Amino acid sequence: MAEAVPVRCPACLRENGYTAPVFPCACGSPVNPPLDLSAPPVLLTHRTWSDSWVAVRCTTCGRESEWPHPELGCGSCGTVVRLPVHPLEGPESGTGPGTGPGTGPGTGPGTGPGAAGAAGRAGRRGEGPADAGAGAPGDAVGDGRAGGAGGGGPEAARPAVDPAHIPLPPTAAVPRPAFRPVTIRTARDAVATAALYLRWLGFQDVRQPDGRPIPSAAVDLRAPGLVAQVDPTTAPAGLRAVECVWLNGLTASATSVYFSLAGYTADARDRADELGIPLFVMDLTGMPQPVNDPADELVGSGA
């Protein structure tokens, strides 16, 4: 997995950590967009289909595929920015995989990167010079186990305790597996991703509306004790949208949650903070991000 890099929001100048998503190539190798950290992030005010995708070349097979353009929602002001990516460059002659007279990757006579990688792999398998001292640690561990078993001291008499079998305290939050995002390509994908995320938070029987959602309107999601709305449009959610989902939740005596693809206006964020409505922003990789304190609390505690 790629390391997190700091990204400064152009609106509030706050730094946010961002980890480039990893996508599966058709050959099975991981592919991630090469971020251009020397260029500033671009404020996303209008989303177009062509600008939402970026061509990335697999370093293993050389296949070029289009993947969602890296985006980040600011955790302070909710602004959505698009991160610059290095453009594709044509492959240089003699440097592709398996080409050239011993200067490409994996073809040198023992001095190129392929020889170094082979030596490292041989060392991890226990072959060649890397296994010269492999017996010493094993012998030392074996002697220690033998001494512990036959010593008869208090360490041998004490029963082993497996931390995995220690019950959690009643107040501890139930651990959840990592959320698996789904790439968003259509408005229906955005609704499905929000429903999956709500189930991951612990809400049961999340219902999606029948039929294809209208791209110009927010879509309702319902569950016992939950009223959520998903805005798959390219415009930031406004004050009225936040107040509507709050009223719907108040009528149903349920928790109100809002998901948006293009972020929120300043008035909407302020009103959501006053009403305690969790706000989430989703990028095209399908990973919802909390943008206010109620959302952080919902992610931490779950349903």
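Everything numeric here is computed off the predicted structure, so don't read it as measured data. Index from 1, following the sequence.
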Hey, what do you get for [atom1] ([X]) to [atom2] ([Y]), rounding to the nearest 0.5 Å?
X    : Y    : atom1 : atom2 : value
L250 : S256 : CG    : OG    : 8.0 Å
E66  : R185 : CD    : CZ    : 8.5 Å
T285 : H69  : OG1   : NE2   : 13.0 Å
T79  : L72  : OG1   : CG    : 10.0 Å
D231 : M282 : CG    : CE    : 9.0 Å
R57  : T59  : CZ    : OG1   : 10.5 Å

Do [X] and [Y] land in one hydrophobic cluster if side-chain heavy atoms of ILVMFWY residues count as linked below 4.5 Å?
X    : Y    : answer
V7   : L37  : yes
V54  : V22  : no
V182 : V31  : no
L196 : L261 : yes
V299 : L226 : yes

Which residues pass the side-chain contact (heavy atoms from CB on, under 4.5 Å) test with [X], not counting sequence neighbours?
X    : value
V291 : Y264, R269, L279, V281
D36  : S38, A39, P84, H86
E15  : P6, R8

Beyond-backbone contact of [X] with [Y], side-chain heavy atoms, under 4.5 angstrom:
X    : Y    : result
P10  : V81  : yes
T193 : F259 : no
P290 : L298 : no
R222 : V227 : yes

Please name the pair of heavy atoms, one in [X] and one in [Y], separated by the smallest distance, quoted to 0.1 Å.
X    : Y    : answer
V230 : A190 : CG1-O, 3.9 Å
V85  : P34  : CG1-O, 3.2 Å
L284 : P68  : CB-CB, 3.4 Å
A241 : Y258 : CB-OH, 3.4 Å
S65  : R63  : OG-CD, 3.7 Å
A254 : G225 : CB-C, 3.3 Å

Between [X] and [Y], is there a donor-acceptor pair closer than 3.5 Å when you use the side chain of the first and the backbone of the second?
X    : Y    : answer
R14  : C74  : no
D189 : T186 : yes
N292 : I277 : yes
S29  : C25  : no

Worksheet entry | Pairs touching residues 184-206 that satisfy ring pair (Phe, Tyr, Trp, His ring centres under 6.0 Å), sequence neighbours left out | F179-Y197, F179-W200, Y197-W200, Y197-F280

Worksheet entry | All pairs passing ring pair (Phe, Tyr, Trp, His ring centres under 6.0 Å) where residues 6-37 contributes a residue, at least two apart |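 Every ring pair (Phe, Tyr, Trp, His ring centres under 6.0 Å) pair that includes a residue of residues 6-37, provided the two are not neighbours, is F23-W67.
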
Worksheet item: Side chains of T265 and D267: donor-acceptor distance under 3.5 Å anywhere?
Response: no

Discussion item. side-chain contact (heavy atoms from CB on, under 4.5 Å) for V191 and L221? Distances and angles first, verdict last.
Written reply: CA-CA 8 Å; V191 178; L221 288 176; 3.9 Å; yes

Fill in: Pair listing, side chain to side chain donor-acceptor pair (under 3.5 Å) test, anchored in residues 238-251, at least two apart
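Qualifying pairs, neighbours excluded: E243-R271.
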
